[in-house]
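Data first, discussion second: the structure below is written as structure tokens.
Quantities reported herein were computed from a predicted structural model and do not represent experimental measurements. Basis for what follows: all heavy atoms, side chains included, without hydrogens, waters or symmetry-related copies.
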Amino acid sequence: MPRTRVLGGYAAAGSWLDGLAAGAKVACLLLLSLAAMAAPGWEGLALLGVALLALLASCRLSLGRLLLALRPATVLLALSLLANGLVVDGSFDLGLMGGVGLRWAGLARAGMAVCRIVLMVGLVLVMTSTTSTSSLSRSLVRGLSPLGRLGLPVGDVAMVVVVALRFIPEVEEEFALIVRAQRARGVRFDQGGPVRRLRAYAAVMIPLVVALFRRSDELAQALRDRCYASGSGQPWQRGETWGARERLSLATSLALLAAAIVLPALF
């Protein structure tokens, strides 16, 4: 059975971001995420939104993939809008029923919070779709390498990160296989209320946990067979070369951060 691509999983598509150093992409992600959180007005958020759309287009990522990435948080985002915009004391701008209504100021405040979350999810989607797990792990280890002088096992941290990231597609594949097997046995996941559907998924979670424990045992045995020992993580310490593209990307991210903060004051 062919393996499906995990949402946000790395797949080399030949975009200009594929060849960018992972450390530069992580630094740009942090700067742009900071810009999304620090932008005081809609002007800055709109600028970051245009930048995100340009990144998605250049990396051949559709808006549909961004919507799929946001789907798990849809209920939370909707509740955030209601919690900020809904009032029950009669001080509403748009009445719904009795003393219940909506306040435009609250909706605007919640809308800005939702936009910040959408921007950060989109930025993470771009980075993970254009960066391999090994490159991300090496970047993390280089960032943590100063802590190695204090006794932090940096090599072991790299191994844990790589295993955790590479187990994500394994979990998704195993979950899909078990769901299909249970449906073939007559289990229905799309009928009844929320409680009934959660109970139906118990027929998936139990064998999934058992399968993951089995795979973890196989991985531990493979590490023992290869004589893996704590502290044997020196290959993760290889450096990366920053060229003109990395410096230009970092400068652009800094410029976007400054513009997102300053723009509202200019209009």
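To the nearest 0.5 angstrom, Ser249 atom OG is 11.0 Å from Leu254 atom CG. Atom-to-atom distance recorded for Arg185:CZ and Arg180:CZ is 13.0 Å, nearest 0.5 angstrom. The line from CZ of Arg214 to CG of Leu219 is 13.5 Å long, rounded to the nearest 0.5 Å. Atom CG in Leu47 sits 11.0 Å away from atom CG in Leu257 (nearest 0.5 Å). A distance of 12.5 Å separates CE in Met127 from CG in Leu55, rounded to the nearest 0.5 Å. Distance check, rounded to the nearest 0.5 Å: CG of Leu177 to CD of Glu174 gives 6.0 Å.
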Take Arg183 and Arg188 through the side chain to side chain contact (heavy atoms under 4.5 Å, CB included) test and state the conclusion after the steps.
CA-CA 6 Å; Arg183 281 178 175 163; Arg188 301 301 299 268; over 6 Å; no
Under the side chain to side chain contact (heavy atoms under 4.5 Å, CB included) rule, what do Leu119 and Leu45 come out as? Steps first, then yes or no, please.
CA-CA 8 Å; Leu119 286 170; Leu45 293 177; 3.8 Å; yes
As a quick check of understanding, evaluate side chain to side chain contact (heavy atoms under 4.5 Å, CB included) for Leu31 and Leu256, giving each step before the final call.
CA-CA 9 Å; Leu31 288 173; Leu256 286 172; over 6 Å; no
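Side-chain N or O atoms of Thr128 include one that pairs as donor or acceptor with a backbone N or O of Leu125 at under 3.5 Å. Side-chain atoms of Gln182 come within 3.5 Å of backbone N or O of Ala203 as a donor-acceptor pair. Under a 3.5 Å cut-off, the side chain of Glu246 and the backbone N or O of Ala21 do form a donor-acceptor pair.
A continuous path of hydrophobic side-chain contacts links Leu81 to Leu77 [ILVMFWY only; heavy atoms under 4.5 Å]. Under a hydrophobic-cluster definition in which Ile, Leu, Val, Met, Phe, Trp and Tyr are linked whenever side-chain heavy atoms come within less than 4.5 Å, directly or via other members, Val26 and Val124 are assigned to the same cluster. Val171 is not connected to Ile206 by any chain of hydrophobic side-chain contacts under 4.5 Å among Ile, Leu, Val, Met, Phe, Trp and Tyr, and they are in different clusters. No continuous path of ILVMFWY side-chain contacts below 4.5 Å connects Val210 to Ile178, so the two sit in separate hydrophobic clusters.
Heavy atoms only, all atoms of each residue included: Cys59 and Val126 are closest at SG-CG1, 4.0 Å. Scanning all heavy atoms of the two residues, the minimum distance from Ala202 to Pro207 falls at O-CD, 4.3 Å. Nearest heavy-atom pair, Pro40 versus Ala260, reported as atom, atom and distance to 0.1 Å: CD-O, 3.5 Å.
In this structure, Asp217 has no side-chain hydrogen bond (donor to acceptor under 3.5 Å, both in side chains) partners at least two apart in sequence or on a different chain.
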Side-chain polar contacts of residues 109-117 - donor-acceptor pairs under 3.5 angstrom, sequence neighbours left out - could you list them?
residue: Arg109; atom: NE; partner: Asn84; partner atom: OD1; Å: 3.4
residue: Arg116; atom: NH1; partner: Ala36; partner atom: O; Å: 2.7
residue: Arg116; atom: NH1; partner: Met37; partner atom: O; Å: 3.3
residue: Arg116; atom: NH1; partner: Ala39; partner atom: O; Å: 2.8
residue: Arg116; atom: NH2; partner: Ala39; partner atom: O; Å: 3.0

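The side chain to side chain contact (heavy atoms under 4.5 Å, CB included) with Leu123 is formed by just one residue from the set Leu30, Leu29, Val118; it is Leu29.
Side-chain atoms of Thr130 and Leu20, non-hydrogen and from C-beta on, never get closer than 4.5 Å to each other.
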